[in-house]
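Reading through the structure tokens given below for one structure.
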Amino acid sequence: GIDGRELLIEDSDPASDPLRFKSEAERLIDVGAKTIFGCYMSSARKAVLPVVEQRRALLGGAKVVVGQLEVPAAATLAALRVAKQEAGERCLTVLNTAPAPGDVAAMDPPFSEYLAAADVVCPNEPEAEALTGLPVGDGDIGDARAAAQALFAQSASDTSPAHVVLTLGKRGALWGERGGDPDGTF
């Protein structure tokens with residue numbers, strides 16, 4: 001279980017059929033599922049996403065939603081936005097930028113929208129370099145601070161992300177708060 005609560009696993013095999021993925025998502029939400037894993041094919045994700053968006057059942061009660069860029073980025077953005085719309089301040093949204101896109105300028109929707117949907121953005125050194133175009137991995141904490149500030153500046157929002165946690169490998173991590181000077185490593 002998790003936190004002393006029993007974990008119930010509901011298993012099904014939609015047999016690679018997007019329509020069956022959609023009907024299974026509807027069924028799982030109807031029986032009270034809090035999380036849906038799977039949808040490994042883009043056609044399955046496209047079939048399930050409207051069900052989740054329409055019902056908003058999975059994210060409205062969430063306390064934390066963590067998204068990353070290893071799945072189709074648009075699905076991550078949709079999840080972060082729905083969590084914010086449905087749960088508001090009760091939900092912390094975190095964007096792990098792994099893996100950083102090869103061409104940030106070509107992202108559609110733009111990367112600034114992903115930053116705006118997250119309360120916390122968490123890149124590592126290579127990801128921060130790719131996302132900002134600034135050097136980070138050379139050991140200079142000043143460069144890491146500049147990259148954190150650049151991530152705040154790239155956002156489509158004046159308030160989000162509120163925090164950047166830039167992981168620095170064996171040097172720890174740099175924590176930055178919007179409007180402040182990013183602190184040292186911890």
Side-chain angles (χ1 to χ4, degrees), residues 25 28-29 33-40 42 44-134 136 144-168 173-183:
L28 288 168
I29 291 171
K34 303 293 183 207
T35 306
I36 296 177
F37 288 98
C39 303
Y40 62 93
S42 60
R45 288 187 296 271
K46 288 177 183 175
V48 169
L49 185 59
V51 173
V52 174
E53 285 181 340
Q54 180 184 27
R55 308 248 184 128
R56 298 180 181 263
L58 298 177
L59 298 174
K63 293 180 183 169
V64 177
V65 171
V66 179
Q68 40 78 31
L69 302 177
E70 290 180 306
V71 299
T76 293
L77 180 58
L80 295 174
R81 285 179 171 166
V82 168
K84 280 307 207 194
Q85 291 167 357
E86 295 300 310
E89 297 298 315
R90 295 184 325 264
C91 181
L92 177 71
T93 55
V94 180
L95 175 62
N96 177 333
T97 59
D103 185 0
V104 177
M107 286 184 75
D108 184 28
F111 185 62
S112 61
E113 295 295 322
Y114 295 80
L115 291 170
D119 295 313
V120 180
V121 175
C122 188
N124 63 21
E125 293 165 300
E127 292 158 0
E129 288 178 351
L131 295 168
T132 66
L134 299 172
V136 178
R145 286 187 176 115
Q149 293 294 357
L151 287 168
F152 288 128
Q154 288 178 13
S155 177
S157 167
D158 291 334
T159 58
S160 290
H163 307 279
V164 170
V165 177
L166 200 162
T167 61
L168 302 170
L174 175 104
W175 175 78
E177 185 173 13
R178 178 177 284 280
D181 186 29
D183 293 344

Seminar exercise, completed: Nearest heavy-atom contact between Ala130 and Val104 is O-CG2, 3.5 Å
Problem set entry | Whether Thr93 side chain and Ala117 backbone form a donor-acceptor pair below 3.5 Å | yes
Problem set entry | Minimum heavy-atom distance Asn124-Pro126, with the two atoms named | OD1-CD, 3.1 Å
Problem set entry | Validation row: Pro109, Tyr114 side chains within 4.5 angstrom (heavy atoms) | yes
Problem set entry | Residue pair Ala147 / Thr132: nearest heavy atoms and the distance that separates them | O-CG2, 3.7 Å
Problem set entry | Smallest separation among heavy atoms of Val65 and Ala83, with atom names | CG2-CB, 3.6 Å
Exercise. Taking atom CG of Asp158 as the centre, does the number of heavy atoms from other residues, nucleotides or ligands within less than 6.0 Å exceed 12?
Worked result: no
Exercise. Rounded to the nearest 0.5 Å, what separation is found between the CG atom of Leu131 and the CD atom of Gln154?
Worked result: 7.0 Å
Exercise. In terms of side-chain heavy atoms, does Ser157 have a donor or acceptor partner in Thr159 at a distance below 3.5 Å?
Worked result: yes
For this session: Keeping the roles fixed (side chain from Gln85, backbone from Leu80), state whether a donor-acceptor pair exists under 3.5 Å.
Result: no
Problem set entry | Side chains of Cys91 and Lys63 in contact at under 4.5 Å (non-hydrogen atoms) | no
Exercise. Hey, what do you get for CG (Leu151) to CG (Leu166), rounding to the nearest 0.5 Å?
Worked result: 7.0 Å
Exercise. For Glu125, what residues pass the salt bridge (Lys or Arg N to Asp or Glu O under 4.0 Å) criterion, not counting sequence neighbours?
Worked result: Arg171
Problem set entry | Heavy-atom pair of closest approach, residues Met107 and Pro101 | SD-CG, 3.3 Å
Exercise. Glu113: what forms a salt bridge (Lys or Arg N to Asp or Glu O under 4.0 Å) with it, not counting sequence neighbours?
Worked result: Arg81
Exercise. Considering only heavy atoms from C-beta outward, does the side chain of Trp175 approach that of Val164 to under 4.5 Å?
Worked result: no
Problem set entry | Passing candidate, side-chain contact (heavy atoms from CB on, under 4.5 Å) with Leu95, options Asp119, Val120, Thr76 | Thr76
Problem set entry | Nearest heavy-atom neighbours spanning Ala116 and Ser160 | O-CB, 3.1 Å
Exercise. Just how far is it from atom CG of Leu115 to atom CG of Leu77, taken to the nearest 0.5 Å?
Worked result: 10.5 Å
For this session: May I ask you to decide if Ala146's main-chain N or O and Gln149's side chain share a donor-acceptor pair within less than 3.5 Å?
Result: no
Problem set entry | Spacing of CZ belonging to Phe111 relative to OG1 belonging to Thr97, to within rounding of 0.5 Å | 6.0 Å
For this session: Assess whether atom CD of Glu70 is packed by more than 12 heavy atoms of other residues, nucleotides or ligands within 6.0 Å.
Result: yes
Exercise. Just by distance, do the side chain of Arg178 and the backbone of His163 share a donor-acceptor pair under 3.5 Å?
Worked result: no
For this session: State whether the side chain of Glu129 and the backbone N or O of Val136 hold a donor-acceptor pair below 3.5 Å, judged by distance alone.
Result: yes
